Amino acid sequence: MGARIRARRADLGISQERLALRSGLHWTFVGQVERGQRNPSTTNLLRIAYGLGVDAAELVTGLPVPLIEQKPTW
């Protein structure tokens with residue numbers, strides 16, 4: 001997802017700082033999301049999508065489901 005955000009931001013020709021302003025987020029958070037260091041909440045994902053002028057679905061459609069380590073509950 002971070003790569004998609006970075007690519008769309010690059011297509012728009014805007015900086016992380018500009019995207020952050022448009023999204024109502026801090027620029028360091030935007031950078032961390034782009035690098036895969038942070039996973040945005042649904043609210044923040046919607047804010048980033050708004051700042052990029054895209055539907056949030058474009059940022060997540062087709063991404064692989066993260067593996068979940070499940071331990072028996074019994």
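For clarity, every value in this text was computed on a predicted model and none was experimentally measured.
Between Arg35 and Arg6 there is a side-chain heavy-atom pair separated by less than 4.5 Å. A heavy-atom distance below 4.5 Å is not found between the side chains of Arg47 and Pro40. For the pair Leu21 and Glu17, the minimum side-chain heavy-atom distance is 4.5 Å or more.
Leu46 and Val30 end up in different hydrophobic clusters when Ile, Leu, Val, Met, Phe, Trp and Tyr side chains are linked at under 4.5 Å. Under a hydrophobic clustering in which Ile, Leu, Val, Met, Phe, Trp and Tyr are joined whenever their side-chain heavy atoms come within less than 4.5 Å, directly or via other members, Tyr50 and Leu45 fall into different clusters.
The number of heavy-atom neighbours closer than 6.0 Å to CZ of Arg4, taken from other residues, nucleotides and ligands shown, is above 12.
A salt bridge is absent between Arg8 and Glu58; no separation between the charged side-chain nitrogens and carboxylate oxygens falls under 4.0 Å.
Residue Gln37 holds its CD atom at 11.5 Å from CZ of Phe29, rounded to the nearest 0.5 Å. With rounding to the nearest 0.5 Å, the separation of CZ in Arg18 from OG in Ser23 is 11.0 Å. Atom OG1 in Thr43 sits 10.0 Å away from atom CG in Leu25 (nearest 0.5 Å). The CG atom of Leu12 sits 6.0 Å away from atom CG of Leu52, with the distance rounded to the nearest 0.5 Å.
For the pair Arg9 (side chain) and Ile5 (backbone), a donor-acceptor distance under 3.5 Å is absent.
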- [ ] Quick one: do Ile14 and Arg22 satisfy side chain to side chain contact (heavy atoms under 4.5 Å, CB included)? Show the steps, please.
- [x] CA-CA 10 Å; Ile14 61 174; Arg22 291 167 65 159; 3.8 Å; yes
